[in-house]
Amino acid sequence: AQKVTQAQTEISVVEKEDVTLDCVYETRDTTYYLFWYKQPPSGELVFLIRRNSFDEQNEISGRYSWNFQKSTSSFNFTITASQVVDSAVYFCALSEARSSGSARQLTFGSGTQLTVLP
Amino acid sequence: KAGVTQTPRYLIKTRGQQVTLSCSPISGHRSVSWYQQTPGQGLQFLFEYFSETQRNKGNFPGRFSGRQFSNSRSEMNVSTLELGDSALYLCASSLGQVGDYGYTFGSGTRLTVV
């Protein structure tokens with residue numbers, strides 16, 4: 001069965017600090033997809049990144065970067081020079097690539113509440 | 001282009017009543033999925049519809065049902081409401097399977113059962 005673990009429930013940093021959000025996943029599939037979503041207080045889940053299991057290259061998008069390591073089943077997310085607007089709940093999620101039902105849904109971690117203080 | 005629209009945004013119902021939530025996906029998206037978010041259980045998958053057919057269903061009781069119309073709009077229905085059904089219900093639309101295309105989520109409907 002697939003599972004996503006975000007061990008950090010809450011993180012608080014001061015503006016301009018770097019912060020890393022951890023995500024560890026479990027799956028028996030060799031082909032799968034990993035996602036990060038941001039949920040601000042408004043409630044909408046905002047897509048940040050999608051990565052398939054064959055692409056282990058790290059990715060950087062502005063102040064955001066992602067470190068995907070299959071050897072440790074981790075897909076960590078780093079925000080560089082954090083800003084107050086980054087305050088939100090961040091979710092890591094997994095979708096398996098099989099043709100059955102698990103390919104058509106996301107399994108989410110429990111989320112990490114990030115608070116960036118001015 | 002317009003995003004995913006969920007109506008209503010907020011709803012208060014009494015235990016035992018039933019409720020219908022609506023979701024209009026992004027134009028051209030034929031897949032609509034529903035998720036329930038609660039503080040205790042987190043985000044849990046309810047069901048997914050594609051071209052009016054339910055393709056996948058999560059582990060929820062039969063009181064939770066849904067449907068999709070020919071224009072891809074979807075509704076979910078919860079009958080005989082219980083206090084534990086209080087949650088944020090999120091709808092997500094996609095061109096196809098989430099792994100291939102990802103989801104775009106709506107802002108959700110916050111249901112309170114009293």
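Just so we're on the same page: letters track the sequence lines, and every chain starts at 1.
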Nearest non-hydrogen partners of [X] and [Y], listed with the distance:
X	Y	value
A:Arg50	B:Gly102	CD-N, 4.4 Å
A:Ser95	B:Gly99	OG-N, 4.1 Å
B:Leu88	A:Gly43	CD2-O, 4.0 Å

Checklist entry - Is it the backbone or the side chain of B:Arg9 that comes under 4.5 Å from a heavy atom of chain A, or both, or neither? => result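 B:Arg9 touches chain A through side-chain heavy atoms alone.
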Checklist entry - Side chain, backbone, both or neither: which part of B:Gln37 has an atom under 4.5 Å from a heavy atom of chain A? => result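 Just its side chain gets close to chain A.
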Please indicate whether [X] has more than 12 foreign heavy atoms, meaning atoms of other residues, nucleotides or ligands, lying under 6.0 Å from its [atom1].
X	atom1	value
A:Lys3	NZ	no
B:Asn59	CG	no
A:Leu117	CG	yes
B:Leu83	CG	yes

Checklist entry - So, for B:Phe45 and A:Phe108, is the gap between ring centers shorter than 6.0 Å? => result no
Checklist entry - What about B:Tyr103 and A:Phe35, are their ring centers closer than 6.0 Å? => result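 When the ring centroids of B:Tyr103 and A:Phe35 are compared, they turn out to be at least 6.0 Å apart.
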Answer with yes or no whether the hydrophobic clustering places [X] together with [Y]; edges join I, L, V, M, F, W, Y residues whose side-chain heavy atoms lie under 4.5 Å apart.
X	Y	value
B:Ile26	B:Leu95	no
A:Val116	A:Trp36	yes
B:Val78	B:Tyr35	no
B:Phe50	B:Val32	no
B:Tyr101	A:Ile49	no

Checklist entry - Side chain, backbone, both or neither: which part of A:Phe91 has a heavy atom under 4.5 Å from chain B? => result side chain
Checklist entry - Between A:Ser110 and chain B, which part of the residue has a heavy atom less than 4.5 Å away: side chain, backbone, both or neither? => result neither
Interatomic spacing from [atom1] in [X] to [atom2] in [Y] - rounded to 0.5 Å:
X	Y	atom1	atom2	value
B:Gln44	A:Leu106	CD	CG	13.5 Å
B:Leu43	A:Leu45	CG	CG	5.5 Å
B:Gln97	A:Glu96	CD	CD	12.0 Å

Next on the checklist: For A:Tyr37 and B:Phe105: C-alpha separation, side-chain torsions, deciding distance, then whether ring-ring contact (aromatic ring centres under 6.0 Å, His included) applies.
Outcome noted: CA-CA 10 Å; A:Tyr37 281 89; B:Phe105 281 89; 5.3 Å; yes
Next on the checklist: The test is side-chain contact (heavy atoms from CB on, under 4.5 Å); show your working for A:Gln105 and B:Leu46 and say whether it passes.
Outcome noted: CA-CA 9 Å; A:Gln105 65 186 79; B:Leu46 280 156; over 6 Å; no
